*Asks:* 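If you scroll down you'll find the structure; I have some questions about it.
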There are 2 protein chains.
Amino acid sequence: MTSSSSLTKNQKLVLDALEKEKGPLSAYSILDRLRDDGLRAPLQVYRALDKLLDLQLVHRLESLNAFVACAHPHCHASHMIAFGICETCGQVWEFSDDVVRDRLMGWAESHDFKPSKTTIEMKGVCADCRAAG
Amino acid sequence: MTSSSSLTKNQKLVLDALEKEKGPLSAYSILDRLRDDGLRAPLQVYRALDKLLDLQLVHRLESLNAFVACAHPHCHASHMIAFGICETCGQVWEFSDDVVRDRLMGWAESHDFKPSKTTIEMKGVCADCRAAG
DNA sequence: CTCTGTTGTGTTACTCTATAACATCTGTCA
DNA sequence: TGACAGATGTTATAGAGTAACACAACAGAG
């Protein structure tokens, strides 16, 4: 039984909303999309998001206060994930880089710092938007 | 004439408040500390912060919605700066790593993505707090 | 010197993001 | 079956950030 098949109704609704969207959504945007499905209060969305974040099915983009469905939901290998975020079209690229991870972990080790969560977000303009620019 | 000597009254107040503090402060915490100096509205703080961010005298920590004084205010070399943030004591370490920067810029180039601002934040527990823990 | 444009200020009101507190419900497992 | 863990629904509130408008301070051009 996969983790996603054990999701509750609200968790499925929120995950579906995020997967339908090509870009990130704020919690309140998700709420707006789910009003017809019975969701009424922000907490219903935030609680579902908390669970989905735990399960790594969703990522939070700190620099946007927004959320995206994980692009690789089957790889639970808790990578240190980085994001490219187009400020023009809103599209998000999710990637990881072992060298970046090693260097950051190296800094942490040399400072006896125990990292729990790492945020790497590059905002900019994507190829398509530059071409269209 | 250095950039900091040309700061206005509000900008100096906000920068001083941040420099006095060892850790990051939210805009509203800054406002609280500056009420006796005549500041009354959030916008007065946000406007000063905008300018200080432009001048790179202050950094914004996206994962905390908070701000810190730049640890190296004399180096304007627009590095790609990374932060270690202790979730226990709130202390912040500011560092940069050329290899990390090169790898991220490499990803950007290979995707024809033009980055404008990059956020790198490691949250965790620092050496002192682990020892005290 | 004065006009004018740019930058900063002060204030009110507002939007967006997130959580507290409390009651209820539902399923699981002993 | 009953007790606990987790999910739900709701109201109210806290925290973060911006819009719009009027005014002040100051520099440079004429």
Side-chain angles (χ1 to χ4, degrees), chain A residues 1 3-18 21 23-55 57-68 85 87 90 117 119 121 123, chain B residues 1 3-18 21 23-55 57-68 85 87 90 117 119 121 123:
Chain A
M1 175 176 289
S3 48
S4 76
S5 70
S6 65
L7 295 180
T8 67
K9 173 179 147 255
N10 287 0
Q11 289 159 12
K12 279 191 198 108
L13 285 170
V14 168
L15 183 56
D16 282 354
L18 283 172
E21 197 77 21
L25 286 176
S26 74
Y28 279 70
S29 301
I30 295 170
L31 178 56
D32 286 341
R33 281 163 175 68
L34 296 179
R35 288 202 189 275
D36 293 343
D37 298 287
L39 292 211
R40 301 168 152 274
L43 251 195
Q44 298 176 283
V45 174
Y46 280 109
R47 288 200 277 227
L49 285 170
D50 281 346
K51 194 65 198 296
L52 295 169
L53 289 168
D54 266 0
L55 297 171
L57 298 173
V58 159
H59 302 294
R60 178 187 164 81
L61 301 176
E62 303 287 353
S63 65
L64 297 180
N65 294 329
F67 304 85
V68 280
I85 304 168
E87 293 172 308
K117 200 208 166 193
T119 299
E121 299 176 12
K123 284 204 208 167
Chain B
M1 177 176 289
S3 46
S4 75
S5 71
S6 66
L7 295 179
T8 67
K9 172 179 147 255
N10 287 0
Q11 289 159 12
K12 279 191 197 112
L13 285 170
V14 168
L15 182 57
D16 282 353
L18 284 171
E21 198 75 20
L25 287 175
S26 74
Y28 279 68
S29 300
I30 295 170
L31 178 56
D32 286 342
R33 281 163 175 68
L34 296 179
R35 288 203 190 275
D36 293 343
D37 298 288
L39 292 211
R40 302 169 151 273
L43 251 194
Q44 297 176 283
V45 173
Y46 280 109
R47 288 200 276 226
L49 285 170
D50 282 345
K51 194 63 197 294
L52 294 169
L53 288 167
D54 266 0
L55 296 173
L57 298 175
V58 159
H59 302 295
R60 179 189 164 82
L61 300 176
E62 303 287 353
S63 64
L64 298 180
N65 293 329
F67 304 85
V68 280
I85 303 169
E87 294 172 308
K117 200 209 164 191
T119 299
E121 299 176 12
K123 283 205 211 168

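Numbered from 1 within each chain, the chains take letters A, B, ... in sequence-line order. Predicted model only: the values in this text are computed from it and were never measured.
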*Asks:* Provide the closest heavy-atom pair for B:Pro42 versus B:Tyr28 in the form atom of the first, atom of the second, distance.
*Replies:* CG-OH, 3.3 Å

*Asks:* For a quick check, with a 4.0 angstrom heavy-atom cut-off, what is the B/S/- contact string for nucleotides 24-30 of chain C, read 5' to 3'?
*Replies:* -------

*Asks:* Which whole-number value in Å describes the distance from A:Leu55 CG to D:dG6 C1'?
*Replies:* 13 Å

*Asks:* By salt bridge (Lys or Arg N to Asp or Glu O under 4.0 Å), which residues pair with B:Asp32, not counting sequence neighbours?
*Replies:*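 Testing B:Asp32 for salt bridge (Lys or Arg N to Asp or Glu O under 4.0 Å), a comparison that skips the adjacent residues, returns B:Arg35.
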
*Asks:* Rounding to a whole Å, what distance do you find between B:Leu31:CG and C:dG10:C1'?
*Replies:* 13 Å

*Asks:* Name all residues meeting the side chain to side chain donor-acceptor pair (under 3.5 Å) criterion together with B:Lys9; count only those two or more places apart in sequence or in a different chain, and write none if there are none.
*Replies:*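 None.
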
*Asks:* Apply side-chain contact (heavy atoms from CB on, under 4.5 Å) to A:Asp37 and list each qualifying residue two or more places apart in sequence or on a separate chain.
*Replies:* A:Leu13, A:Leu34

*Asks:* Treating primed atoms plus P, OP1 and OP2 as sugar-phosphate and everything else as base, which nucleotides of nucleotides 8-18 of chain D get B, S or - for protein heavy atoms under 4.0 Å?
*Replies:* BBBB----BBB

*Asks:* Identify all side-chain donor-acceptor contacts of residues 47-54 of chain B below 3.5 Å with residues at least two apart in sequence or on another chain.
*Replies:*
none

*Asks:* Could I get the full list of salt bridge (Lys or Arg N to Asp or Glu O under 4.0 Å) partners for B:Glu62, not counting sequence neighbours?
*Replies:*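 B:Glu62 satisfies salt bridge (Lys or Arg N to Asp or Glu O under 4.0 Å) with B:Arg60, B:Lys117 only.
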
*Asks:* Rounded to the nearest 0.5 Å, what separates atom CD1 in A:Ile30 from atom CG in A:Leu18?
*Replies:*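 So the CD1 of A:Ile30 and the CG of A:Leu18 are separated by 4.0 Å.
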
*Asks:* Checking the side chain of A:Gln44 only, and the main-chain atoms of A:Leu39 only, is there a donor and an acceptor separated by less than 3.5 Å?
*Replies:*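 Between the backbone of A:Leu39 and the side chain of A:Gln44 there is no qualifying donor-acceptor contact (under 3.5 Å).
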
*Asks:* Which residues pass the salt bridge (Lys or Arg N to Asp or Glu O under 4.0 Å) test with B:Glu21, sequence neighbours left out?
*Replies:* B:Arg33

*Asks:* Give the angle between the helix axes at the two ends of the helix from C:dC1-D:dG30 to C:dA30-D:dT1, taking five base pairs at each end and rounding to 10°.
*Replies:* 30°

*Asks:* Testing the basics here: between B:Ser63 and B:Ile85, what is the closest heavy-atom pair and its distance to 0.1 Å?
*Replies:*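 Taking B:Ser63 first and B:Ile85 second, the nearest heavy atoms are OG-CD1, 4.0 Å.
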
*Asks:* Provide, to the nearest angstrom, the distance between the CG atom belonging to B:Asp54 and the P atom belonging to C:dT7.
*Replies:* 11 Å

